[in-house]
Participant: 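This is the structure I have questions about; it appears just below.
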Amino acid sequence: MLQSAITISLVPQARGGPFVFWDDLAAGCEAASTLGFDAVEIFPPSPAAVNPATLKELLMKYNLKVAAFGTGGGWLVNRWHLTHLDAKIRQQAREFIRGMLDLAAEFKAGAILGSMQGKFEGEVTREQALAWLAEALQDLGAHALKQGTVLFYEPLNRYETNLLNRQGDAVSFLEQHRIQGVKLLCDLYHMNIEEADLAATLRAAGKHVGHIHFADSNRQAMGWGHTSAAPIIKALKEIGYTGYLSGEILPLPDSLAAAKQTIEAFRHHAC
Ligand code: LER
Ligand code: MN
């Protein structure tokens, strides 16, 4: 059984980004619950910004789970990432993600590594950046396993990173470096830019698929762009994927309409 989720951003610096509900965790949970989502995906400015007791109360009240916590706040708020030239910044990025994994473990959720992977530039070669990324993923993946959670590594499109843009390249990277405790976050928006065939790519990634960002080709709610959802869902069912389809999309034309279209598309295709 696939599960549905919708995003809530608590990061003012992310404004304009692909998140449906904004700024108010309680209001976001209430809206998600009213529409019938199984879970929320939360994008906090830091792990400490989430009060676990308050969040647990909200989840109980609204009968929701947490699908995942995003770590991109570490980049947007502090400009930290895992492949930065400065060793101190790389370390701060790693500790930020470790803290998010600890928080995620309390909620049986995963933590997402997207923009915090960084990119190679200036004095940092591609080879060096990938070596730092592999080392960080080995460390953080081992930590995730120890905590009983998982780190979702997200290949981003070419305009956001120059490290690994395609799912197949990420699978080879995880296998080559024997990285445990890390699964793929396949964002259908990034995939629409980078992959030749979304369904075939998901089938090939198989057991590595850990989380899905359920977005149409234009990063709007599924059904409002030109991606065909049906073959994608068929492929996910074939590989035995039972995780979330999480609406990480632009709040267009407004948050409520985007969320409503997401749950309708989910019900139409995934149930
Ligand atoms: C994060 O999940 C993502 O998809 C990035 O494009 C955010 O900028
Ligand atoms: Mn994404």
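Atoms considered below: every heavy atom in the structure, side chains included; atoms not considered: hydrogens, waters and symmetry mates. Ligands are counted one by one from 1 in listed order, and the atoms in each one are counted from 1 as well.
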Participant: Is there a donor-acceptor contact under 3.5 Å from the side chain of S172 to the main chain of G168?
Facilitator: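 Indeed, once roles are kept as given, a pair shorter than 3.5 Å links the two residues.
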Participant: Show the distances, to 0.1 Å, for all pairs joining an N/O atom of ligand 1 and a protein N/O atom that are shorter than 3.5 Å, listing one pair per line.
Facilitator:
unit_1, atom_1, unit_2, atom_2, d
ligand 1, 2 (O), E154, OE1, 2.6
ligand 1, 2 (O), E154, OE2, 3.1
ligand 1, 2 (O), H213, ND1, 3.4
ligand 1, 2 (O), E248, OE1, 3.2
ligand 1, 2 (O), E248, OE2, 2.5
ligand 1, 4 (O), E154, OE2, 2.9
ligand 1, 4 (O), D187, OD2, 3.1
ligand 1, 4 (O), H190, NE2, 2.8
ligand 1, 4 (O), R219, NH2, 2.8
ligand 1, 4 (O), E248, OE1, 3.0
ligand 1, 6 (O), E160, OE1, 2.7
ligand 1, 6 (O), E160, OE2, 3.2
ligand 1, 6 (O), H190, NE2, 3.0
ligand 1, 6 (O), R219, NH1, 3.4
ligand 1, 6 (O), R219, NH2, 2.9
ligand 1, 8 (O), E160, OE1, 3.2

Participant: For the pair N218 (side chain) and W224 (backbone), establish whether a donor and an acceptor sit closer than 3.5 Å, ignoring hydrogens and angles.
Facilitator: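 Such a contact is found between N218 side chain and W224 backbone.
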Participant: Ignoring waters, how many N, O or S atoms from the protein are under 2.8 Å from the Mn ion (ligand 2)?
Facilitator: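 Considering protein N, O and S only, the Mn ion (ligand 2) has 4 within range.
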Participant: On the 0 to 90° scale, with breaks at 30° and 60°, tag the H84-H81 ring pair as parallel, tilted or perpendicular.
Facilitator: tilted
Participant: For the side chain of R126 and the backbone of N162, is there at least one donor-acceptor N/O pair under 3.5 Å apart?
Facilitator: yes
Participant: OG1/T7 to CZ/F43 distance, rounded to the nearest 0.5 angstrom?
Facilitator: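 Spacing of OG1 (T7) from CZ (F43) equals 10.0 Å.
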Participant: Can you label the angle between the F266 ring and the F214 ring as parallel, tilted or perpendicular, going by 30° and 60°?
Facilitator: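 If you compare the ring of F266 with that of F214, the planes turn out perpendicular.
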Participant: If only atom types and distance count, is the side chain of T227 paired as donor or acceptor with the main-chain N or O of S217 below 3.5 Å?
Facilitator: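 Such a contact is found between T227 side chain and S217 backbone.
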Participant: Taking the cut-offs as 6.0 angstrom to the six-membered ring centre and 45 degrees off its axis, would you call K65 and F107 a cation-pi pair?
Facilitator: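 Relative to the ring axis of F107, which defines the angle, K65 lies outside at least one limit.
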Participant: For the atom pair CG (D187) and CD1 (I112), what is the distance rounded to the nearest 0.5 Å?
Facilitator: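 If I round to the nearest 0.5 Å, the distance is 9.0 Å.
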